[in-house]
J.: 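I have a structure I would like to understand better, so I am pasting it below and will then ask my questions one at a time.
Computed over heavy atoms, backbone and side chain alike; hydrogens, waters and symmetry mates excluded. What you are looking at is a predicted structure, and each value in this text was computed from that prediction instead of being measured.
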Amino acid sequence: MATAFCSLNMLGSGLSQLNDYNLKKKHAIFTRSCLHSRRLFGSSLNAEKVSPGTNRRVEVKHCPQAFPSNSKDKEEDNISKATLIWRAIKLPIYFVAFIPLTVGSAAAYFETGIFSWWRYSLLSISSVLIITWLNLSNDVYDFDTGADKNKLESVVNLVGSRTGTIVAAYALLVLGFMGLAWVSFEAGNMRAILLLACAIIFGYIYQCPPFRLSYQGLGEPLCFSAFGPFATTAFYLLQGSGSQMMHLPFTGSILSASLLVGITTTLILFCSHFHQIEEDRAVAKMSPLVRLGSKRGSGVVQLAIAGLYVLAFAFGISRALPITCIFFCAFTLPVARLVVSYVQENHNDKHKIFMAKYFCVRLHSLFGVALAAGLVVARTGPKPSIPRLAFS
């Protein structure tokens, strides 16, 4: 516990009793002020007070922990290397790669009964490589603009080499795209590779020069399109391609599921900017949260999650998705409420709100698995029917 004390050092002599009396009154008032400051701050900086009209000086000594506002900054500076490496790897973010593939594969199984573990495994590896390219190149280009100047977990800051990071990023992109192309040629479905190429192009113009559309506030729409309709639908086409059906049709189930996946993925990107609003504004990166502010941004999160479940229910009732999808997705409501309450309570605390994106990853993962489970059960299990409304 910080301690503070006030000591009165009397200098000079030959003053009148009235002068001494006035000084004592001032000292009493100043001492009470010191004690009040100690109660407020726990400690304060060293200070001196010279009584006007006298040669007497009051010296106040305080401990250096006066202003607790700096404590969080010191905590940030003292984060362990292992924690920074964990943050830089962003391991939970790689669920973003698996959910579009899992939901797309489940939708293909729901339509055709076809599922290939070999294709699923190769597509998983390729997707992870491309997500790694996205993360590494994003760190490089944000480093170039100064957006990551104070970001301790930036890969460029940790490695100390911009060139090495960008070379590794594009090497992983090439390997990942080769894997996607191989599966597409093996499946004989060129529509899928075109959709995946569009998703990758959207990822490039999102962050890479000369486009950098994320700096214009267009990152969220690009993310929604790339991971939702493009990637999820492409994986559906690849998993559903077989000897019986080479050209799988676009159905209400895959279109509806891809929209839901796009929403949960975009929610992760949106919430990842809460803790860096000031840094983004300083480099003219006009993300939606820079434009809206954290308070209104927390309202957007609430509306987005409410819309997610309203859409899922509407798709189920309209039979665009099996009713089993509604049943399984309902189990993710507690996680959705956790995301909303956490963002609303901590949107102004940049140190706590950092974790919001990981709560969104949890929602994205569980909601995607629930959606896929509903599609698989609808194919293998009993098929419940929804009674139609009759109007007389």
Side-chain angles (χ1 to χ4, degrees), residues 95-96 98-111 195 199 202 219-236 249-271 288 292 296-341 343-344 356-357 359-379 383-389:
F95 282 103
V96 173
F98 291 108
I99 295 304
L101 174 57
T102 302
V103 172
S105 299
Y109 181 78
F110 172 70
E111 296 290 344
L195 288 171
F202 274 30
E220 280 71 12
L222 291 171
C223 176
F224 172 83
S225 302
F227 289 96
F230 287 163
T232 306
T233 304
F235 293 138
Y236 158 81
F250 296 109
T251 63
S253 61
I254 184 56
L255 294 177
S256 302
S258 67
L259 292 177
L260 298 176
V261 170
I263 292 173
T264 57
T265 309
T266 306
L267 198 59
I268 299 172
L269 177 62
F270 185 84
C271 288
L292 294 171
R296 282 192 290 179
S298 66
V300 170
V301 172
Q302 185 176 15
L303 288 175
I305 290 180
L308 174 70
Y309 287 91
V310 169
L311 277 177
F313 182 78
F315 290 151
I317 294 299
S318 65
R319 299 186 181 181
L321 286 174
I323 195 65
T324 49
C325 290
I326 298 179
F327 175 76
F328 282 106
C329 288
F331 285 104
T332 65
L333 278 169
V335 182
R337 284 196 293 268
L338 173 63
V339 172
V340 171
S341 62
V343 171
Q344 287 184 335
K357 63 182 177 184
F359 287 116
C360 290
V361 170
R362 188 182 303 177
L363 174 63
H364 170 72
S365 304
L366 294 176
F367 191 91
V369 169
L371 194 58
L375 290 165
V376 171
V377 170
R379 174 78 187 193
K383 298 174 176 55
S385 60
I386 303 175
R388 295 184 180 275
L389 297 176

J.: Quick check: does any side chain N or O of Ser341 sit under 3.5 Å from a backbone N or O of Leu338, one acting as donor and the other as acceptor?
T.: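 Present.
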
J.: Where the side chain of Ser258 meets the backbone of Leu255, is there a donor-acceptor pair that is under 3.5 Å apart?
T.: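 Yes, Ser258 side chain to Leu255 backbone: donor-acceptor pair under 3.5 Å.
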
J.: State the CZ-CZ distance between Phe331 and Phe367, to the nearest 0.5 angstrom.
T.: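 Phe331 atom CZ to Phe367 atom CZ measures 13.5 Å (nearest 0.5 Å).
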
J.: Is there a side-chain contact between Val376 and Phe110 in this structure, where contact means two heavy atoms from C-beta onward sitting under 4.5 Å apart?
T.: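 Not in contact.
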
J.: Once you round to the nearest 0.5 Å, how far does CG of Leu333 lie from CG of Leu363?
T.: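 Result: 9.5 Å between the selected atoms.
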
J.: For a 4.5 angstrom cut-off between non-hydrogen side-chain atoms, does Lys357 reach Leu267?
T.: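 The answer is no, as the side chains (C-beta and beyond) never meet within the 4.5 Å cut-off.
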
J.: Scan Leu303, Ile263, Leu259, Thr332 and name whichever one has a side chain to side chain contact (heavy atoms under 4.5 Å, CB included) with Leu308.
T.: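 Only one of Leu303, Ile263, Leu259, Thr332 forms a side chain to side chain contact (heavy atoms under 4.5 Å, CB included) with Leu308, namely Ile263.
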
J.: Ignoring hydrogens, what is the shortest heavy-atom contact between Ala356 and Val343? Give both atom names and the distance.
T.: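 Reported closest heavy-atom pair: CB-CG2, 4.0 Å.
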
J.: Within this structure, what is the CD1-OG distance for the pair Ile268 and Ser365, rounded to the nearest 0.5 Å?
T.: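 Answer for the CD1-OG pair, Ile268 versus Ser365, is 6.5 Å.
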
J.: Counting only heavy atoms from other residues, nucleotides and ligands, does the tally under 6.0 Å from CZ of Phe327 exceed 12?
T.: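 No - once you tally the heavy atoms of other residues, nucleotides and ligands closer than 6.0 Å, there are 12 at most.
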
J.: What heavy-atom pair brings Phe227 and Val261 nearest, and what distance separates the two atoms?
T.: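 Looking at all heavy atoms of both residues, the shortest contact is O-CG1, 3.8 Å.
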
J.: Under a 4.5 Å cut-off applied to non-hydrogen side-chain atoms, are Val300 and Arg296 in contact?
T.: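 No, their side chains stay 4.5 Å or more apart.
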
J.: Nearest 0.5 Å, please: how far is CZ in Phe315 from CD1 in Ile326?
T.: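 So the CD1 of Ile326 and the CZ of Phe315 are separated by 10.5 Å.
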
J.: Which atom pair, heavy atoms only, marks the closest approach of Cys223 to Leu269?
T.: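 Nearest pair, atom of Cys223 first, then Leu269: CB-CD2, 3.7 Å.
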
J.: How many angstroms lie between OG1 in Thr324 and CZ in Arg379, if you round to the nearest 0.5 Å?
T.: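 Reported to 0.5 Å precision, the distance equals 13.0 Å.
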
J.: Can you confirm whether Val103 sits close enough to Phe235 that some side-chain heavy atom of one is under 4.5 Å from a side-chain heavy atom of the other?
T.: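 Side-chain contact under 4.5 Å: no.
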
J.: Please tell me if the side chains of Pro322 and Leu375 come closer than 4.5 Å, counting only heavy atoms from C-beta onward.
T.: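 Yes; the side chains approach each other to less than 4.5 Å.
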
J.: Is there a side-chain contact between Phe224 and Pro229 in this structure, where contact means two heavy atoms from C-beta onward sitting under 4.5 Å apart?
T.: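 Yes - at least one pair of side-chain heavy atoms lies under 4.5 Å apart.
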
J.: Measure the shortest side-chain to side-chain distance between Leu371 and Cys329 over non-hydrogen atoms and say whether it is less than 4.5 angstrom.
T.: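 With C-beta onward as the side chain, the pair touches.
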
J.: Looking only at heavy atoms, what is the nearest atom pair of Ala107 and Ile254, with distance?
T.: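 Heavy atoms only, the tightest pair is CB-CD1, 3.9 Å.
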
J.: Could you grab the distance from atom OG1 of Thr232 to atom CD1 of Ile99, nearest 0.5 Å is fine?
T.: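 So the gap between those two atoms works out to 9.5 Å.
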
J.: Give the minimum heavy-atom separation between Leu292 and Gly297, together with the two atoms involved.
T.: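 Of all heavy-atom pairs spanning Leu292 and Gly297, the closest is CB-N, 4.4 Å.
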
J.: For Thr265 and His364, work out which heavy atoms get closest and say how close.
T.: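 Closest heavy-atom pair between Thr265 and His364: OG1-CE1, 3.1 Å.
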
J.: Measuring only between side-chain heavy atoms, which start at C-beta, is Thr102 closer than 4.5 Å to Val369?
T.: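 Sidechains of Val369 and Thr102: no contact.
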
J.: Kindly determine whether Tyr236 and Ser253 satisfy side-chain hydrogen bond (donor to acceptor under 3.5 Å, both in side chains), including the steps that lead there.
T.: CA-CA 10 Å; Tyr236 158 81; Ser253 61; 5.6 Å; no

